[in-house]
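In what follows, a structure is listed as structure tokens, so that the remarks can point back to it.
Just so you know, these numbers use all the heavy atoms, side chains as well, and skip hydrogens, waters and symmetry mates. By convention in this document, chain letters (A, B, ...) are assigned in the order of the sequence lines, proteins followed by strands, and residues within each chain are numbered from 1.
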There are 2 protein chains.
Amino acid sequence: MPPISPKDSPPTTERGRQRRDALLDAAQRLFLERGYGQVSVNDIVAQAGGSLSTLYRHFGNKEGLFQAMIERRSHHIYDTLTAEGVDELPIEAALQRLGIDLLIKVMDEETLGIYREVVAESPRQPQLARLFFDGGPGRVRRALADYFDRRARRRLMPTGGSVELAGIFLGMLLGEWHLIRVLQLESPPSRAAIEARVARCVTLFLHGTEDLSSGRSQ
Amino acid sequence: MPPISPKDSPPTTERGRQRRDALLDAAQRLFLERGYGQVSVNDIVAQAGGSLSTLYRHFGNKEGLFQAMIERRSHHIYDTLTAEGVDELPIEAALQRLGIDLLIKVMDEETLGIYREVVAESPRQPQLARLFFDGGPGRVRRALADYFDRRARRRLMPTGGSVELAGIFLGMLLGEWHLIRVLQLESPPSRAAIEARVARCVTLFLHGTEDLSSGRSQ
DNA sequence: AAGATAGTGTAGTCTACACTACACATTGAG
DNA sequence: CTCAATGTGTAGTGTAGACTACACTATCTT
């Protein structure tokens, strides 16, 4: 009878914590490199040093290890995105800064790897989806929506639907680029290309297509 | 020595075509239901009827079958989206119609399944990524960009960057919704919800946030 | 009717790998 | 010192599954 919830007991001793981290590090490297299904627990132990028994003591089974790894990651990845002091900037500059930071983070090979693995495994491990979304994309959307709400309170923009608005803006930023990078159809965009795209998105978001240059709409 | 390119010879006889289609149908059902790695070729044969030998004669190996299935699918899925007569409509209506059709298609469980499988397998099967993108999302982006170009030629909107603009608009439409559905975090949106979101995106795309109601930007 | 072409069915090979068993080492607390 | 908990190392076990071999059948063409 396999354990329903893998026993991810907090390590008591210092040595225990080290072994646990080594296993997580190895798991991360290998899972993101080859994909969950293509990595054996033996590979991970070989990479991490230590012993198979230890792995099973800590994580219960392969899935437990995977989830622990994803959880650790999705938290740390988006921690750099805590836009602070953003309320003092004009909205153009604020969105521009957030957009650039976000695109750089999201185009990063590690972030893309996490995304691929989560999408691939989520049908079999639904907890994974929540874990990832709430720790990553969901948190960014929340933060941006809060920013919009603060502006609305200061009467700097209309009230209401801030979460949806945030989602739309984030969608604009990623657009087709994310898919293209997830599928590895093109090489990563340069810093300059990122800045240009963000600028275009910000303008579009604030003023619509009309404002791009001349031209009237039908 | 495994064949480099799977022998996907076009079936000559009628009976051959039937057997081939039956295999593809079964493959599609099972792959989308359980995921590529979780389906055995024997499962597929059992579902399709016929024989293992036939499968290998047609597709060479498991990957060949998978690719043939994805190719067939990504072509047919987006065929419904050939927006015709769209040039006669005001741009609001045109974008609205396209947006609704697209969101319905993209939120469909089958389309989401294809997406998941392609993302999951693309690192191991790079041809797959191209196949999918060019047959699906890429074609939609191309079609929308062409529409923008035609409008630009009629001086109804600014010239240039139509492909990027199309990508941005499509990104707005999907936004966070796509991820949420891919990860199955929420149930499918209602028709009404889709219409509301598309309307909001179209307004935003054409006029920016300013126009949503009152409120001035900083 | 005879041979080519494609489909069937079964049985089997070979390999990979999740997970376990077990005997032994290390460490730290009382 | 000792005993309990934790880590190590090796050597399995059991199973699943991709792919092959082979003997046979159905159909179609000329």
Side-chain angles (χ1 to χ4, degrees), chain A residues 1-27 30-31 33-69 121 124-125, chain B residues 1-27 30-31 33-69 117 120-121 124-125:
Chain A
M1 178 175 56
I4 300 303
S5 62
K7 44 187 163 187
D8 188 4
S9 48
T12 53
T13 107
E14 173 56 23
R15 186 141 163 275
R17 219 190 42 71
Q18 279 180 7
R19 296 287 72 213
R20 189 171 181 279
D21 281 357
L23 285 168
L24 282 173
D25 289 343
L30 292 176
F31 281 146
E33 217 161 66
R34 299 192 215 153
Y36 181 74
Q38 279 58 49
V39 175
S40 78
V41 287
N42 287 303
D43 292 341
I44 292 170
V45 169
Q47 178 91 189
S51 142
L52 197 51
S53 325
T54 308
L55 188 155
Y56 277 93
R57 199 194 316 286
H58 275 308
F59 303 103
N61 54 27
K62 195 185 177 187
E63 284 192 1
L65 174 58
F66 186 59
Q67 287 183 27
M69 175 292 242
E121 286 307 309
R124 256 95 51 205
Q125 306 184 45
Chain B
M1 178 176 58
I4 300 303
S5 62
K7 43 190 163 186
D8 188 5
S9 48
T12 51
T13 107
E14 173 57 21
R15 184 141 165 276
R17 217 189 45 71
Q18 278 181 5
R19 296 287 72 213
R20 190 171 181 280
D21 281 357
L23 285 167
L24 282 174
D25 289 344
L30 293 175
F31 281 148
E33 216 162 67
R34 300 193 215 153
Y36 180 74
Q38 279 59 48
V39 175
S40 79
V41 288
N42 287 303
D43 293 341
I44 293 169
V45 169
Q47 177 91 189
S51 141
L52 198 50
S53 325
T54 309
L55 188 156
Y56 278 93
R57 200 193 318 287
H58 275 309
F59 304 104
N61 54 28
K62 194 186 177 188
E63 285 193 1
L65 173 59
F66 186 59
Q67 288 183 28
M69 172 298 240
E117 292 309 306
E121 286 307 308
R124 257 94 53 202
Q125 306 184 46

Between A:A22 and A:A48, what is the shortest heavy-atom contact and its length? O-CB, 3.6 Å

With side-chain contact (heavy atoms from CB on, under 4.5 Å) as the criterion, how do B:V41 and B:N61 come out once you've worked through the C-alpha distance, each side chain's angles and the decisive distance to 0.1 Å? CA-CA 9 Å; B:V41 288; B:N61 54 28; over 6 Å; no

Integer-rounded Å distance: D:dA16 P and B:R34 CZ: 13 Å

May I ask you to verify if any side-chain N or O of B:R19 is less than 4.0 angstrom from the OP1 or OP2 atom of C:dT8? yes

Output one line per pair: protein atom, nucleotide atom from nucleotides 15-18 of chain C, and distance, for all N/O pairs under 3.5 Å.
from: C:dA18; atom 1: OP1; to: A:K62; atom 2: NZ; distance (Å): 3.1
from: C:dA18; atom 1: OP2; to: A:V41; atom 2: N; distance (Å): 2.7

Under the side-chain contact (heavy atoms from CB on, under 4.5 Å) test, which residues partner A:V39, sequence neighbours left out? A:L30, A:F31, A:R34, A:D43, A:I44

Check whether any side-chain heavy atom of A:L24 sits under 4.5 Å from a side-chain heavy atom of A:L65, and report yes or no. yes

Please confirm whether A:K62 makes a cation-pi placement over A:Y36, using NZ or CZ under 6.0 Å from the six-membered ring centre and within 45° of the ring normal. yes

Is there a side-chain contact between B:Q67 and B:F59 in this structure, where contact means two heavy atoms from C-beta onward sitting under 4.5 Å apart? no

In whole Å, I'd like the distance from the CZ atom of B:F31 to the P atom of D:dG17. 12 Å

Applying side chain to side chain donor-acceptor pair (under 3.5 Å) to A:E33 and not counting sequence neighbours gives none

Between B:R57 and C:dG7, is there a side-chain N or O to OP1/OP2 distance below 4.0 Å? yes

Residues forming a side-chain contact (heavy atoms from CB on, under 4.5 Å) with A:S53, sequence neighbours excluded: A:S51

Expressed in angstrom and rounded to an integer, what is the separation of A:F59 atom CZ from C:dC19 atom P? 14 Å

How would you list, by chain and number, every residue that makes a salt bridge (charged side-chain N to carboxylate O under 4.0 Å, His left out) with B:E121, sequence neighbours excluded? B:R124

Which of residues 48-55 of chain A sit near DNA chain C, with a heavy atom under 4.0 Å from it? A:L52, A:S53

Short side-chain N/O contact from A:H58 to OP1 or OP2 of D:dT6, under 4.0 Å: no

A:R20 CZ to D:dT6 C1': how many Å, rounded? 15 Å

What is the separation between atom CD on A:Q18 and atom C1' on D:dT6, rounded to the nearest whole Å? 14 Å

CZ of B:R17 versus C1' of D:dT27: gap in Å, rounded? 17 Å

